[in-house]
Structure formats: structure tokens, C-alpha cells
K.L.:
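Below you'll find the structure I mean.
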Amino acid sequence: MAKVLSGAGLRGQVAGKTALSTVGKSGSGLTYRGYDVKDLAENCQFEEVAYLILKGKLPNQAELDEYKALLKSMRGLPLALKDVLERIPAEAHPMDVLRTGCSMLGNLEGEASFDEQAKVTDRMLACFPSIICYWYRYSHDGVRVDVETDDDSIGAHFLHLLRGEKPSELHERVMHVSLILYAEHEFNASTFTARVCASTLSDMHSCVTGAIGSLRGPLHGGANEAAMEMIERFESADHAEQEMMGMLERKEKIMGFGHAIYSESDPRNEIIKLWSEKLAADVGDTVLYPVSVRCEEVMWREKKLFCNADFFHASAYNFMGIPTKLFTPIFVMSRLTGWAAHVMEQRADNRIIRPSAEYTGEELRPVPAISER
Ligand code: COA
């Protein structure tokens with residue numbers, strides 16, 4: 001008989017194997033293929049980390065140059081996809097836009113066989129920023145942006161399309177760090193969604209489209225947007241403390257805090273917090289960063305709850321002029337690497353994922369005649 005699990009949300013259950021990352025086990029708390037995320041964020045560009053996650057090794061200089069040139073050559077969007085994006089209203093949520101964009105791409109450039117898995121992944125990695133920004137600029141500014149920029153990195157490409165000018169070195173570096181921190185995280189909800197889909201031997205675009213849907217929720221990727229909406233309401237650190245105390249009293253969930261696996265800290269927080277502080281100094285902020293720090297102090301003092309990766313991402317993105325509703329799509333631009341690598345791993349040693357359920361419904365009973373119901 002199948003074992004019945006007592007914990008909700010499959011917490012603590014090993015649901016499969018992976019060689020891609022460890023969470024809460026070694027180093028600062030998060031490793032990608034044996035490298036500490038802290039080390040990677042300090043020393044690498046995002047494209048190096050994407051290469052590592054997808055291909056299993058860190059690239060040498062020639063390999064990195066070649067990979068970046070390949071991604072750069074794949075930024076363009078087919079007309080039929082632009083046409084679809086132009087029909088999506090400005091009020092749509094950008095995660096829904098990306099979900100549709102990914103799905104449409106699958107119709108136009110579908111994965112003909114699993115031999116194409118690396119190619120279709122690289123294509124998505126290269127063109128997701130184009131999809132987000134093409135729609136955003138068209139629906140909000142009425143501009144059809146040329147999505148084929150010559151920017152050196154995915155992060156710079158995104159900022160350039162969004163703001164119409166090349167980003168500063170500081171902003172490009174922060175994008176590298178942010179995309180590295182979000183790239184992979186073991187069996188989180190969206191990755192597990194992708195793996196379940198992959199286990200049916202479905203195509204890469206379906207796996208990624210499903211994962212985007214899972215990441216959209218505020219308990220997962222949507223937390224950075226929800227955190228931003230909260231902190232921008234606070235006028236000062238003292239005001240933040242007063243409001244937070246009220247929220248805690250009312251037992252409200254505070255977005256950007258807590259984690260399903262980490263118990264004392266999220267290693268990604270320390271890194272993005274540092275960059276948020278640098279950006280605050282760069283823009284001369286005297287409110288948002290101190291407000292964020294006070295929120296962190298209050299949550300730890302009152303509840304022993306710590307900031308997860310999303311909390312200081314909110315202020316960091318805000319300082320770079322990124323609209324709040326584009327926060328979670330940036331997460332997708334990065335986590336796509338983890339999702340695709342997990343799909344490839346699942347395919348390499350597959351059995352359809354099909355758990356059982358503990359039945360809590362009615363006992364067996366006959367169907368009554370319709371006149372007796
Ligand atoms: N604000 C307030 N209380 C929180 C909290 C938060 N952000 N996160 C956890 N708690 C409380 C829970 O209410 C619960 O209290 P209880 O035992 O009195 O019911 C306790 O801490 C345990 O948390 P729990 O919700 O069981 O943890 P989980 O593993 O089920 O959930 C998260 C993990 C991440 C979903 C949860 O912490 C959360 O919802 N955080 C906010 C959303 C977020 O930032 N998500 C991004 C994750 S990277």
C-alpha cells in the first residue's frame with residue numbers, strides 16, 4: 001500500500017533526483033553544479049552561469065564568446081509573434097503576455113524532436129526579453145521597438161529595449177547578479193511543474209509555459225512585485241515599522257519573507273541587498289532602502305522570519321527604473337535556464353510522474369434515479 005504523507009505541500013519529501021543544484025545543504029546555502037551561488041554572483045556573467053546549468057561546465061573564454069554571439073543572433077521575433085503581442089492590451093499582466101508569447105513561439109518554431117532541446121532553449125533565453133519589451137513598449141508607448149540590439153548581455157538587452165538607451169555598467173552588473181541568483185533552485189513549484197510536464201514526454205515550450213503559470217503566483221515568483229507594492233506605501237522607516245506591526249497583529253502574510261526550505265536565511269538575500277544598497281546610493285535614495293532594512297529588522301525581531309531573494313530585489317529593480325509589473329518576467333528570463341535543464345534531466349532518465357492521493361470523499365454509493373436527487 002502507498003505510504004500516506006502527513007505534511008501538506010509535499011514538504012520535506014524527496015520527489016526525484018537532480019545534479020543541478022543543492023538548497024540548504026552546502027556552501028552559502030545554494031549551489032549550482034557544485035559552485036556556490038555567492039562565488040558565481042561575484043565572478044561570473046549570467047551567460048556563463050546559464051551555460052554551466054544547461055551544459056554542465058563553466059565555459060572557457062572562447063566558449064563564452066561563442067555562446068553570447070549565438071544568443072545575440074537569436075533575439076529577433078517572427079512577425080506572427082509580434083502580431084499576437086500587439087493584440088494584448090496594456091492592462092494585461094506581463095506574466096500572461098510571456099505565457100502567451102512562449103506558447104505562440106512553440107507554434108511557430110516548435111521543438112520537432114528532443115534533439116532540438118538545446119536549440120529551442122537558447123532561442124527562448126535570447127528572445128524572452130524581446131517578447132516582454134516588444135509588448136510593453138508597444139502597448140504602453142505605442143512604439144514598435146527594434147528588438148535586435150547589439151548589447152553584450154541578456155540583462156543589458158532587456159534594459160536597453162525597456163528604456164531606449166544602453167544601461168550603465170552598474171545596471172548591467174546588477175542584472176548579471178540578479179539573473180544569476182534567480183537561475184536555478186532545485187524542486188521549487190515552477191520547476192516541479194516543468195518536470196511533471198516533461199515526464200509525459202511533452203515539448204519544451206509546453207513545459208516552460210506551464211512553469212511560467214506556476215511562477216506567476218504571489219507565493220512564488222510574484223512575491224517581488226507584492227513586496228514592492230508594500231514598501232512603496234511606507235513613507236519612512238518608522239512608518240514601515242508601525243504598519244508592519246499592524247500587519248503582523250492581523251496575521252497578514254508579508255511578501256518577500258520566509259522560505260519553504262531555508263530556515264534561518266536565504267543566501268541570495270545578502271547578495272542582492274548589497275547591490276540594492278549600492279543602487280540606493282547611486283540614485284540618492286533616502287526612503288526605500290531604509291524602509292526595506294527596517295522591514296527586515298522588524299520581521300526578524302518579531303517573527304524570526306528573514307528576507308528571501310525577492311525582498312531586496314524589489315528596491316533594486318525600482319532603483320533601476322523597472323516598472324513593478326515587469327519584476328516577475330525578469331525572474332522568468334533567468335529561471336528558464338533551470339527549468340530547461342530540469343526538463344533535459346527528466347528526459348534523460350524518465351518515468352511519468354504520477355503520485356497517488358489519499359481519498360477523503362464519499363464511500364461507494366449507487367447513482368440514484370434523477371427524480372430522486
Ligand atoms: N509573513 C508572515 N508570516 C509568515 C510568512 C510571511 N511571509 N511566512 C511564513 N509565515 C508564518 C506562517 O504563517 C506560519 O505561521 P503559523 O505556523 O502560525 O501558521 C509559519 O510562518 C510557517 O510558515 P509556512 O507558511 O508554513 O511556510 P511554508 O513553507 O508553507 O511557506 C512560503 C513558505 C515562502 C510560501 C511562505 O513563507 C510565504 O508565503 N512567504 C511569502 C511569499 C514569498 O515571499 N514567496 C517567495 C518565496 S521565495
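Each ligand, and each atom within it, is numbered from 1 in the order the structure gives.
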K.L.:
Using 0.5 Å steps for rounding, measure from the CG atom of Leu85 to the OH atom of Tyr136.
P.N.:
15.0 Å

K.L.:
Is the shortest side-chain N to carboxylate O distance from Lys72 to Asp65 below 4.0 Å?
P.N.:
no

K.L.:
Measure from atom 38 (C) of ligand 1 to the protein's non-hydrogen atoms and state whether any distance is below 4.0 Å.
P.N.:
yes

K.L.:
Hey, is atom 16 (P) of ligand 1 touched by any protein heavy atom at less than 4.0 Å?
P.N.:
no

K.L.:
Can you tell me which residue and heavy atom of the protein come closest to atom 40 (N) of ligand 1, and the distance to 0.1 Å?
P.N.:
Phe257 O, 2.9 Å

K.L.:
Can you check whether a protein heavy atom sits less than 4.0 angstrom from atom 45 (N) of ligand 1?
P.N.:
yes

K.L.:
Tell me, which protein residue and heavy-atom name are nearest atom 7 (N) of ligand 1, and how many Å apart are they?
P.N.:
Ile254 O, 2.6 Å

K.L.:
Indicate whether atom 19 (O) of ligand 1 is within a distance of less than 4.0 angstrom of some protein heavy atom.
P.N.:
no

K.L.:
Just need the protein heavy atom nearest to atom 13 (O) of ligand 1, so name the residue and atom and give the distance.
P.N.:
Lys253 CE, 4.4 Å

K.L.:
Considering only heavy atoms of Met255, which atoms of ligand 1 have at least one such atom less than 4.0 Å away?
P.N.:
41 (C), 42 (C), 44 (O)

K.L.:
Between Asp282 and Lys278, does at least one N-O distance fall below 4.0 Å, as a salt bridge requires?
P.N.:
no

K.L.:
Is atom 26 (O) of ligand 1 in close reach of the protein, with a heavy atom under 4.0 Å away?
P.N.:
no

K.L.:
What residue and atom, counting heavy atoms only, is the protein's closest point to atom 35 (C) of ligand 1, and at what distance?
P.N.:
Leu219 O, 4.1 Å

K.L.:
How does Asp310 reach ligand 1, if at all, at less than 4.0 Å between non-hydrogen atoms: by side chain, backbone, both, or neither?
P.N.:
side chain

K.L.:
Return yes when at least one protein heavy atom is under 4.0 Å from atom 3 (N) of ligand 1, and no when none is.
P.N.:
yes

K.L.:
As an exercise, identify every atom of ligand 1 less than 4.0 angstrom from a heavy atom of His259.
P.N.:
33 (C), 34 (C), 37 (O), 48 (S)

K.L.:
How long is the span from the OG1 atom in Thr337 to the CD1 atom in Ile53, to the nearest 0.5 Å?
P.N.:
4.0 Å

K.L.:
Give a yes or no on whether a salt bridge exists between Asp266 and Arg268, defined as a side-chain N under 4.0 angstrom from a carboxylate O.
P.N.:
yes

K.L.:
Do the two ring centres, one from His313 and one from Phe331, sit under 6.0 Å apart?
P.N.:
no

K.L.:
What part of Arg11 sits under 4.0 Å from ligand 1 if we count only heavy atoms: the side chain, the backbone, both or neither?
P.N.:
side chain

K.L.:
If we set the cut-off at 4.0 Å for heavy atoms, which region of Glu252 has an atom near ligand 1: side chain, backbone, both, or neither?
P.N.:
backbone

K.L.:
Is the Phe128-His157 ring centre distance short of 6.0 angstrom?
P.N.:
no

K.L.:
Ignoring hydrogens, tell whether any protein atom lies closer than 4.0 Å to atom 48 (S) of ligand 1; use the non-hydrogen atoms only.
P.N.:
yes

K.L.:
Closest approach of Arg99 and Asp96, non-hydrogen atoms and distance?
P.N.:
NH1-OD1, 3.1 Å

K.L.:
Is Glu47 paired with Lys68 through a side-chain N to carboxylate O contact shorter than 4.0 Å?
P.N.:
no

K.L.:
Do any N/O atoms on Leu248 end up under 3.5 angstrom from N/O atoms on ligand 1?
P.N.:
no

K.L.:
To the nearest 0.5 Å, what is the distance between CD1 (Ile254) and CE (Met244)?
P.N.:
4.0 Å

K.L.:
If you measure every N or O of Leu305 against every N or O of ligand 1, does any of those distances drop under 3.5 Å?
P.N.:
no

K.L.:
Where does Ala223 meet ligand 1, judged by heavy-atom distances below 4.0 Å: at the side chain, the backbone, both, or neither?
P.N.:
side chain

K.L.:
Below 30° counts as parallel, above 60° as perpendicular, anything between as tilted: where do the rings of Phe311 and Phe257 land?
P.N.:
tilted

K.L.:
Do you see a protein non-hydrogen atom under 4.0 Å from atom 32 (C) of ligand 1?
P.N.:
no

K.L.:
For the aromatic rings, using the six-membered ring if either is Trp, is the centroid distance between His185 and His220 under 6.0 Å?
P.N.:
no

K.L.:
Can we say Arg347 and Glu111 salt-bridge, meaning some charged N sits less than 4.0 Å from an Asp/Glu carboxylate O?
P.N.:
yes

K.L.:
Report the part of Asn308 in contact with ligand 1, treating N, CA, C, O as backbone and CB onward as side chain, heavy atoms under 4.0 Å; options are side chain, backbone, both, neither.
P.N.:
side chain

K.L.:
Any N or O on Gly256 sitting closer than 3.5 Å to an N or O of ligand 1?
P.N.:
yes

